Amino acid sequence: MPVSPAALAHAEDLADFVAASPSSYHAAAEVARRLEAVGFTRLHEEDSWPALAGGRYVVVRDGAAIAWTVPTDAAATTPAQIFGAHTDSPGFKLKPQPTTGSRGWLQAAVEVYGGPLLNSWLDRELRLAGRLALADGSVVLADTGALLRLPQLAIHLDRGVNNGLALDKQTETQPVWGLGDAAEADVLAELASSAEVPVAEIRGYDVVVADSARGAVFGKDRAFFASGRLDDLASVHAGVVALADHETPEQGPIAILAAFDHEELGSASRSGAAGPFLEDILERVYANLGADGSTRRQAYASSWCLSSDVGHSVHPNYAAKHDPVVQPVLGSGPILKLNANQRYATDAVGTASWLTWCERAGVTSQEFVSNNSVPCGSTIGPITATRLGIRTVDVGIPILSMHSARELAGVSDLYDLALVAQSFFKG
Ligand code: ZN
């Protein structure tokens, strides 16, 4: 069945979002930029906040963003509907003393970030992007555009390569970015000039390597969408689209988008799901509505968190890696993720609620469960549930090539996830 024009438009908009979000810092800024453009107010954690009822707000903390809308009649026990996702993706991060090279080549010293499929990063034009902390105390975003490449060794020099390619994480992952003498070059100057600041002003940096190619729709009936960083910008984008469209009602839940950083490292940071960011925002929002510790927990008890991250579609060449019966496939809808060992937070009550939100959105969903012999990944859902005690459901979209520099999703699933997020925000 051909995908709808609305789903194709959503995929093109996601391509824009991913292109604008090469690092978690860019993603958080892009979330705020898009929401401010439709009337959200940017708040800062170091300020005191105005009365929040009836308004729409966004806060950025490092590479994470939390945005929310408060109904006009919201009170101390008004529940929250929290859509969670993450802004970071596996790849590489720039090391200290990053300019290296030899034999006429300029290289950049990088450290592996999370669990990328290393071979997928070969032979692509890559960009450096992230934030620079400057001598005057300010922080700016920088993005070089296509600058680097990890060139694969020619088959003539590695005749056994098709029996299996194993890259050394240190010696074989250092990208080239130019020609010349490393002693006379400075890769930080490329970042500084992209941000239009003097390189001597840079005091610190959080900079990652990202694929520079734009996402693209292709395949029979235009069913496929390939892009870098779909894990998990596809979910962040669905949440932003849904929240931007969410009218602030007089009554109903507080609708919240929580886009965390550092999921690929286990979420333990001040901007990660295991850190205090969401709890800090919730405490301030509920205090603003007149709640104390007791009434806030009343609100939590009737709240929901929909934790959205990518999951595995069945792969036709490796079907035995999946559960023999439960085999979600691209294009057949978002997935509900279940795991007996609580690697996903979904339970019976969460399943029933998810099906209601899907039904209201007119969306069909699929289930995901692991093959017992293939260990399951995890995500922000169980962490959020454990921290706050809020009922949590783990969901997402099915993809192939997870943690590749360029992953593969279904166009209709991306749009359907945004529709369910919209229905979820209504409570
Ligand atoms: Zn993820």
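Just follow the structure's listing: the first ligand is 1, and inside any ligand the first atom is 1. When a residue number appears, it is its place in the shown sequence, counting from 1. Fair warning: this is a prediction, and the values are worked out from it, not measured in the lab.
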Engineer: Angle subtended at the Zn ion (ligand 1) by OD1 of Asp309 and NE2 of His86, to 10 degrees?
Structural biologist: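 Taking the Zn ion (ligand 1) as the apex, the two atoms subtend 100°.
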
Engineer: Can we say Arg34 and Asp16 salt-bridge, meaning some charged N sits less than 4.0 Å from an Asp/Glu carboxylate O?
Structural biologist: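 No.
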
Engineer: Does any N, O or S atom in Glu264 come within less than 2.8 Å of the Zn ion (ligand 1)?
Structural biologist: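 No N, O or S atom of Glu264 is closer than 2.8 Å to the Zn ion (ligand 1), so no.
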
Engineer: Ion pair present between Arg343 and Asp394, side-chain N to carboxylate O less than 4.0 angstrom?
Structural biologist: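 Salt bridge flag = no for Asp394 with Arg343.
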
Engineer: Return yes when at least one N/O/S atom of Asp231 is nearer than 2.8 Å to the Zn ion (ligand 1), and no when none is.
Structural biologist: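 Here the distance criterion (N, O or S atom, under 2.8 Å) is met by Asp231, so yes.
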
Engineer: Between Glu36 and Arg33, does any NZ, NE, NH1 or NH2 come within less than 4.0 Å of an OD or OE carboxylate oxygen?
Structural biologist: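 Looking at Arg33 and Glu36, the cut-off is not met.
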
Engineer: Under a 4.0 Å threshold between the charged nitrogen and the carboxylate oxygen, would Arg214 count as salt-bridged to Glu12?
Structural biologist: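 Judged by the 4.0 Å cut-off on N to carboxylate O distance, Glu12 and Arg214 do form a salt bridge.
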
